[in-house]
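In each ligand, atom 1 is the first atom listed, and ligand 1 is the first ligand listed. Residue numbers start at 1 and run along the sequence shown.
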Amino acid sequence: MDAPTIQPNFLKAGNELGLVAVGFSGGQCKPGVDAAPMALIESGLVDQLKDDLAYNVHYDNKVHAYGDLIPHDDPDHRNMKKPKAVSTVTKQLSSQVYEHAKEGRFVLTLGGDHSIAIGTISGTAKAMRERLGREMAVIWVDAHADINTPETSDSGNIHGMPVAFLTGLASEKADAPFGWIQDNQRISLKKLVYIGLRDVDRGEKQILREHGIKAFSMHDVDRHGIGKVMDMALGWIGSDTPIHLSFDIDALDPMWAPSTGTAVRGGLTLREGDFIAECVHETGSLVALDLVEVNPSLEEKGAADTVRAGVSIVRCALGDTLL
Ligand SMILES: NC(=[NH2+])NCCC[C@H](N)C(=O)O
Ligand SMILES: [Mn+2]
Ligand SMILES: [Mn+2]
């Protein structure tokens, strides 16, 4: 197959890809999500990117657990669990992602729980501002909105808060854990689009409504079909904006992706998930992808299916086609 002819505008070359594997689970309480990058890679993902999709993959051949950076003493702070661990890891990840993105590479990050998006999106947002002078859009595909502030969260799990920190709805003083996030690492609430929502906390609903955030729930997918939803989602973003796709595997129905920490029934089919990724690829504006929340140690009988679903999403977002 020829090298994919994508991203004419926003990437240096269509086929340079930076891969970051993040074995981090501290944004929530269930162990096992840290094993996902290895499971995805062992199932052949990297080889497929190189051989089938003709990417030149820049990968340091390790799953980053950041063990030596993570402090042992990590008391709750503003109701957040493991604030120092998550802030330390995401800060480090942010600069890793930034380094790839500023070279004009596509950045693929394999998580890990969804708290890592604080690192990935802050890294790409900064790089796009510097390289292109543009604000980046984010498409967040998820059963959940992950837009709790520390104060609205019931769980205290930071994987339910990344969007609040990335948009500035939540912020901290410079010397507090997430005080490292600068304005040029943030995204605008106007450039955020959700797809697949079906388990949104009361405080989050209020935030979505108050700020007029664009969101397509499963109700919208049922009503319009995924084709129309994608037209509307991409129309909202416009064609002149680099896009970061953050894909939580729990957006898919547990029938297809059971091995995840906060599974919710009534989700996307495997084809709908792939279709979202295909449509975003086709824009030519996709600059980064996160795949998060695969937890092979949960619902073990379905772990291989969940990993396979994850691989499929990544392949579609990177230009694999059915024909
Ligand atoms: N990335 C996820 N799977 N997030 C689930 C979040 C669940 C819930 N809304 C919370 O804040 O705790
Ligand atoms: Mn989720
Ligand atoms: Mn999520």
Side-chain angles (χ1 to χ4, degrees), residues 22 24-34 36 76 78-83 85-86 89-90 93 109-121 138-167 169-170 178 187 192-208 213 215-218 221 244-268 272-273 276-277 288-299 306 309-310 313:
V22 184
F24 181 67
S25 63
Q28 45 88 64
C29 300
K30 295 176 186 168
V33 68
D34 41 289
D76 290 5
R78 286 175 68 190
N79 170 50
M80 288 184 273
K81 292 180 178 138
K82 305 199 198 108
V86 181
V89 165
T90 52
L93 174 58
T109 305
L110 305 175
D113 71 65
H114 220 161
S115 69
I116 68 162
I118 297 174
T120 61
I121 290 173
V138 169
I139 302 181
W140 194 277
V141 184
D142 204 323
H144 310 93
D146 294 346
I147 197 166
N148 273 304
T149 66
E151 287 68 35
T152 65
S153 169
D154 285 332
S155 67
N157 293 328
I158 300 175
H159 78 154
M161 310 179 193
V163 181
F165 281 106
L166 288 163
T167 55
L169 284 174
F178 292 101
I187 54 153
L192 168 67
V193 180
Y194 286 107
I195 303 170
L197 301 185
R198 59 192 183 278
D199 183 13
V200 179
D201 299 338
R202 200 188 314 162
E204 293 182 300
K205 285 185 183 170
Q206 202 177 331
I207 291 172
L208 296 182
I213 296 169
F216 299 95
S217 69
M218 287 310 299
V221 175
H244 185 126
L245 175 61
S246 202
F247 203 111
D248 185 328
I249 201 72
D250 73 26
L252 300 185
D253 192 88
M255 177 183 286
W256 309 104
S259 299
T260 188
T262 48
V264 190
R265 294 185 304 169
L268 300 167
E272 286 168 338
I276 292 169
L289 167 67
D290 314 324
L291 181 74
V292 299
E293 299 283 352
V294 171
N295 187 336
S297 66
L298 301 173
E299 300 291 334
T306 310
I313 299 288

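Under the 3.5 Å distance criterion, with hydrogens and angles disregarded, a donor-acceptor pair is assigned to the side chains of Asp142 and His114.
Counting heavy atoms from C-beta outward, Met161 and Pro150 have side chains that approach closer than 4.5 Å. Counting heavy atoms from C-beta outward, Phe178 and Val86 have side chains that approach closer than 4.5 Å. Contact check for Tyr194 versus Val163: side-chain heavy atoms found under the 4.5 Å cut-off. By the 4.5 Å heavy-atom criterion applied to side chains, Val292 and Asp113 are not counted as neighbours. At a threshold of 4.5 Å between non-hydrogen side-chain atoms, the residues Asp250 and Val264 do not count as touching. By the 4.5 Å heavy-atom criterion applied to side chains, His244 and Asp290 are counted as neighbours.
Between Val294 and Val33, the shortest heavy-atom distance links the atoms O-CG2, 3.3 Å.
A heavy-atom cutoff of 4.0 Å around ligand 1 is satisfied by the protein residues His114, His144, Asp146, Asn148, Ser155, His159, Gly160, Asp201, Glu204, Asp248, Asp250, Thr262, Glu293.
Around the Mn ion (ligand 3), the protein atoms of type N, O or S that sit closer than 2.8 Å are His114 ND1, Asp142 OD2, Asp146 OD2, Asp248 OD2.
Across Val138, Ile121, Ile213, Ile187, a single residue satisfies side-chain contact (heavy atoms from CB on, under 4.5 Å) together with Thr167, and that is Ile187.
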